[in-house]
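Some notes on the structure that comes next.
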Amino acid sequence: MNTSFLTKIIALFLAVIGVLVAALQSTNQPGTDPSAPDQSESIPTQTETTPAPQPGSPEWVDQNARQLLDSLSLREKVGQLFLVAPEALQIQSGASYSSTVWNDAMTQTLQDYPVGGIILFGANVSTPAQLQYFTTSMRLAFPTAPFIAIDEEGGRVARIGRNSNFDVPRYDSMEAVGNTGDPQNAYEAGLAIGTYLQEYGLNVDFAPVADMNTNPNNVVIGDRAFGNDPQLVSDMVNAAIDGFHKAGIITSIKHFPGHGDTTGDTHDGYVAVTKSWEELKNCELIPFIAALDNTDMVMAAHITLPNITTDGLPASLSHEILTEKLRGELGYQGVIVTDSLSMGAIIQNYSPPESVKTAFLAGADILLMPQNFTEGFDGLVAAIETGEISEERLNESVLRILKLKIQYGIIDCT
């Protein structure tokens, strides 16, 4: 046999044996997996994900409110700004009597004027069964869950508490509660009132009164206030708010920036407070400022402040008061609601479209009970469609309102 040929055969055999041995050694290396992909291939890096907001957290509320806001039409957004009496929704039937039962005419009106909520008065409250059925019926009728509000301060302003058909806690006045000097009593009053409001299907109370009874000739506040000492009133107001919150009720302090040092009644017409801003900050404003981080809403009064503003407008319509003072200087970020826009101080001087548009441009979020609210509603829609009012401004208010509804479970996003 040719020696050279034999040498080549042996070399080839040894090479094959070497390859096999190397392969076996690689397979038996610790930590290697013969089925694993080639380590030379690129392995994608795992992407870190942001955890979803926890239900009930501010981030969760904000996220859901923004999603809901994006789903609403222009008229549905504008509707969230309006809070009206049930009688206002009977425009299809032409009825003007006080309502104690929800009817088809009201539901029909909501299709064109999808308001954000209802306010009830004594004439809307008859018996426990009637009230429960009424509030349940209205909740079912609304396309977006409504605020169902009432003025239930305790004392002489108590739509349910002053009805003898209801077995609920009753109070002589908030002044009497304040006279005890113990904020715990204000807390218990807020909790007791809030508990029965929740039981009968209400979710907003335009209370507590944060005004101080500083003028003995005051005909509209008087014993509705906790007293005339700023610190006492502050403590009582915050304690009452805590009680309402414990019961799950949204609160609105009133009547900003202070109706205590007046002699007139804005239900009837023009009322002025002649104090300067610094004078108010040293007295009437103290309970409001102390409660701004605790309350859900602030109700703006129709009082005019000639030594503070240059626009000559009631506080509820004044950009200087609502935006520059309340939101700007005092830093309030919650919901601003006007006092009733059907009161004398407003309707004697402004048409429904004028009062609605002026209040909204001033910084109000909720427009309470405009006279002929459909005129104000349509006027506001038109102002946004023409660009006179930006949709960005509209979204700011609607977002505040939706957040509050979601926060309190009025709109269920779970």
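Hydrogens, waters and symmetry mates are skipped; everything else that's a heavy atom, side chains included, is used.
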Does Met236 form a side chain to side chain contact (heavy atoms under 4.5 Å, CB included) with Leu232? I'd like the steps, not just the answer. CA-CA 6 Å; Met236 293 289 174; Leu232 172 70; 3.7 Å; yes

Under a 3.5 Å threshold, yes or no: a donor from one side chain and an acceptor from the other, between Glu175 and Asn179? no

With a 4.0 Å cut-off, would you call Arg327 and Asp365 a salt bridge? yes

Any side-chain to backbone donor/acceptor pair from Glu320 onto Thr310? Under 3.5 Å, distance only. yes

Looking at Glu329 and Lys281, is any side-chain nitrogen of the basic one under 4.0 Å from a carboxylate oxygen of the acidic one? yes

Tell me whether Lys275 is salt-bridged to Glu284, with the criterion being a basic N under 4.0 Å from an acidic carboxylate O. yes

Heavy-atom count around Asp70 CG within 6.0 Å, excluding the residue itself: above 12? yes

If you count every heavy atom of other residues, nucleotides or ligands that lies below 6.0 Å from Asn165 atom CG, does the total exceed 12? yes

Does Asp378 pair with Arg75 as a salt bridge, N-O distance under 4.0 Å? yes

Donor-acceptor pair, Arg400 side chain versus Val335 backbone, under 3.5 Å? no

Do you know which of Leu367, Thr338, Val337, Ile119 makes side chain to side chain contact (heavy atoms under 4.5 Å, CB included) with Leu83? Ile119

Check for a donor-acceptor pair, side chain of Thr109 on one end and backbone N or O of Ala105 on the other, with a separation under 3.5 Å. yes

Test of ring centre spacing under 6.0 Å for Phe166 and Tyr200: yes

Please check: side-chain N/O of Gln67 versus main-chain N/O of Asn64, any donor-acceptor pairing under 3.5 Å? no

Tell me whether Asp211 is salt-bridged to Lys254, with the criterion being a basic N under 4.0 Å from an acidic carboxylate O. no

Between Asp205 (side chain only) and Ile250 (backbone N and O only), is there a donor and an acceptor less than 3.5 Å apart? no

Let me know which of Val356, Thr358, Leu361 forms a side chain to side chain contact (heavy atoms under 4.5 Å, CB included) with Leu317. Thr358

Please confirm whether the backbone N or O of Val157 pairs with a side-chain atom of Glu152, one donor and one acceptor, at under 3.5 Å? no

Carefully, step by step, assess Asp62 and Lys403 under the rule salt bridge (Lys or Arg N to Asp or Glu O under 4.0 Å). CA-CA 6 Å; Asp62 182 76; Lys403 282 183 178 182; 2.9 Å; yes

Considering residues, nucleotides and ligands other than Asn282, do more than 12 of their heavy atoms fall under 6.0 Å from its CG? yes

If you compare all heavy atoms of Gly161 against all heavy atoms of Val168, which two are closest, and at what distance to 0.1 Å? CA-CG2, 3.9 Å

How many angstroms lie between atom CD1 of Ile160 and atom CD1 of Ile193, to the nearest 0.5 angstrom? 10.0 Å

Donor-acceptor check, side chain of Gln130 to backbone of Ser126, threshold 3.5 angstrom: yes or no? yes

Given Asp151, which of Arg162, Arg156, Arg224, Arg159 fulfils the salt bridge (Lys or Arg N to Asp or Glu O under 4.0 Å) condition? Arg159

